[in-house]
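To start, the structure itself, in structure tokens.
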Amino acid sequence: GPIDVSDVFYTDDADRGYSPWYMRDPAMQSLWASIIEKALAVQMGSYEDIDAKNLTANAFWAKIIGADPGVTSITDSTPFSVITEAFKASTTRPSIAASKYDDTGNAKVSPNHGFAMLGLEGSKVKIYDPAHDPADPGTILLTPAEFRSAFQLLLWLK
């Protein structure tokens with residue numbers, strides 16, 4: 001059922017020039033991610049409860065969307081064509097990529113983190129980090145090989 005959510009938002013950790021956009025969309029124009037996260041924290045009890053429950057990306061997806069995601073596991077033998085086709089499809093359906101839990105082997109990719117999939121740019125896949133540093137645009141280009149070595153799952157709206 002419906003829940004009441006406070007209209008007070010946290011900000012990033014800046015000493016000055018702070019911003020409520022601690023999770024940013026690629027165009028830097030909306031607070032949708034912060035609003036969804038806040039509503040989920042209220043539904044689950046608190047922000048601390050979100051962390052304490054240690055939910056997977058799949059479980060978060062199902063809680064937010066109301067249905068399980070489509071899932072593709074990424075392994076060392078996943079064909080590059082599977083990756084590029086998923087990125088082509090990401091321009092018309094919500095899709096996220098989950099990085100590996102431990103060291104991703106790529107300085108641009110944080111471990112155990114979700115990235116928005118934004119399609120292809122030339123022969124590279126384009127991902128977006130919603131929790132990027134404001135001084136960094138947040139968009140990352142990777143070859144399919146770099147992507148395959150740093151990520152474990154693709155999730156999309158069925």
Side-chain angles (χ1 to χ4, degrees), residues 9-41 47 50-51 54-65 67-158:
F9 285 94
Y10 293 104
T11 65
D12 59 18
D13 292 331
D15 290 333
R16 57 189 153 143
Y18 53 86
S19 169
W21 283 297
Y22 57 93
M23 286 195 295
R24 295 164 174 81
D25 72 354
M28 302 288 288
Q29 299 296 312
S30 69
L31 289 172
W32 64 266
S34 302
I35 293 167
I36 291 170
E37 181 188 49
K38 185 164 186 129
L40 185 62
Y47 284 97
I50 289 175
D51 291 337
N54 201 26
L55 297 176
T56 64
N58 304 44
F60 274 115
W61 184 286
K63 243 182 191 330
I64 293 167
I65 302 295
D68 289 334
V71 178
T72 299
S73 293
I74 303 297
T75 67
D76 292 341
S77 61
T78 301
F80 294 138
S81 61
V82 169
I83 294 168
T84 56
E85 288 303 313
F87 271 85
K88 285 179 188 174
S90 75
T91 61
T92 59
R93 67 179 178 204
S95 306
I96 61 172
S99 61
K100 290 183 177 177
Y101 287 114
D102 298 319
D103 182 18
T104 64
N106 189 311
K108 300 179 202 174
V109 178
S110 301
N112 197 27
H113 188 57
F115 295 80
M117 296 167 57
L118 300 179
L120 297 171
E121 190 167 304
S123 62
K124 294 190 175 186
V125 299
K126 189 174 181 180
I127 58 174
Y128 179 77
D129 181 357
H132 71 278
D133 183 315
D136 174 8
T139 302
I140 302 166
L141 295 174
L142 301 170
T143 66
E146 289 171 324
F147 180 85
R148 185 171 70 181
S149 71
F151 286 82
Q152 61 178 333
L153 287 175
L154 302 176
L155 307 172
W156 70 88
L157 184 61
K158 291 184 198 179

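Computation of the quantities below employed the complete heavy-atom set of this structure, encompassing side-chain atoms and omitting hydrogens, waters and symmetry-equivalent molecules. Computed from a prediction, not measured in an experiment: that's the story for all the values here. Each residue takes its place number in the sequence, starting with 1.
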- Item | Non-neighbouring partners of Phe115 that pass ring-ring contact (aromatic ring centres under 6.0 Å, His included), sequence neighbours left out | His113, Phe151
- Task: Please report the closest heavy-atom contact between Leu153 and Ser73, naming both atoms and the distance.
- Result: CD2-OG, 3.7 Å
- Query: Would you call Asn106 and Ile140 a side-chain contact if the rule is heavy atoms closer than 4.5 Å?
  - Reply: no
- Item | Point-to-point distance, once rounded to the nearest 0.5 Å, from CD1 of Ile50 to CZ of Phe60 | 5.5 Å
- Closest non-hydrogen atoms of Pro130 and Gly114, given as atom of the first, atom of the second and distance, are CD-O, 3.8 Å
- Mind checking the CD-OG1 spacing from Glu146 to Thr104? Nearest 0.5 Å is all I need. 10.5 Å
- Task: Give the intermediate values and the outcome of side-chain contact (heavy atoms from CB on, under 4.5 Å) for residues Arg148 and Phe80.
- Result: CA-CA 8 Å; Arg148 185 171 70 181; Phe80 294 138; 3.3 Å; yes
- When you look at Asn58 and Leu155, which way does the side-chain contact (heavy atoms from CB on, under 4.5 Å) test go after all the steps? CA-CA 7 Å; Asn58 304 44; Leu155 307 172; 3.8 Å; yes
- Message: Side chains of Lys124 and Phe147, heavy atoms from C-beta outward: is any pair under 4.5 Å?
- Response: no
- Shortest non-hydrogen separation from Leu120 to Thr84 and the atoms involved: CD1-O, 4.1 Å
- So, for Leu157 and Trp61, which heavy atoms are closest and what is the spacing to 0.1 Å? N-CZ2, 3.2 Å
- All heavy atoms of Leu141 vs all of Lys108, minimum pair found to be O-NZ, 3.5 Å
- Not counting sequence neighbours, list each pair that qualifies as a side-chain hydrogen bond (donor to acceptor under 3.5 Å, both in side chains) and has a residue in residues 85-102. Glu85-Lys88
- Let me know which of Ile96, Ile83, Leu154 forms a side chain to side chain contact (heavy atoms under 4.5 Å, CB included) with Met117. Leu154
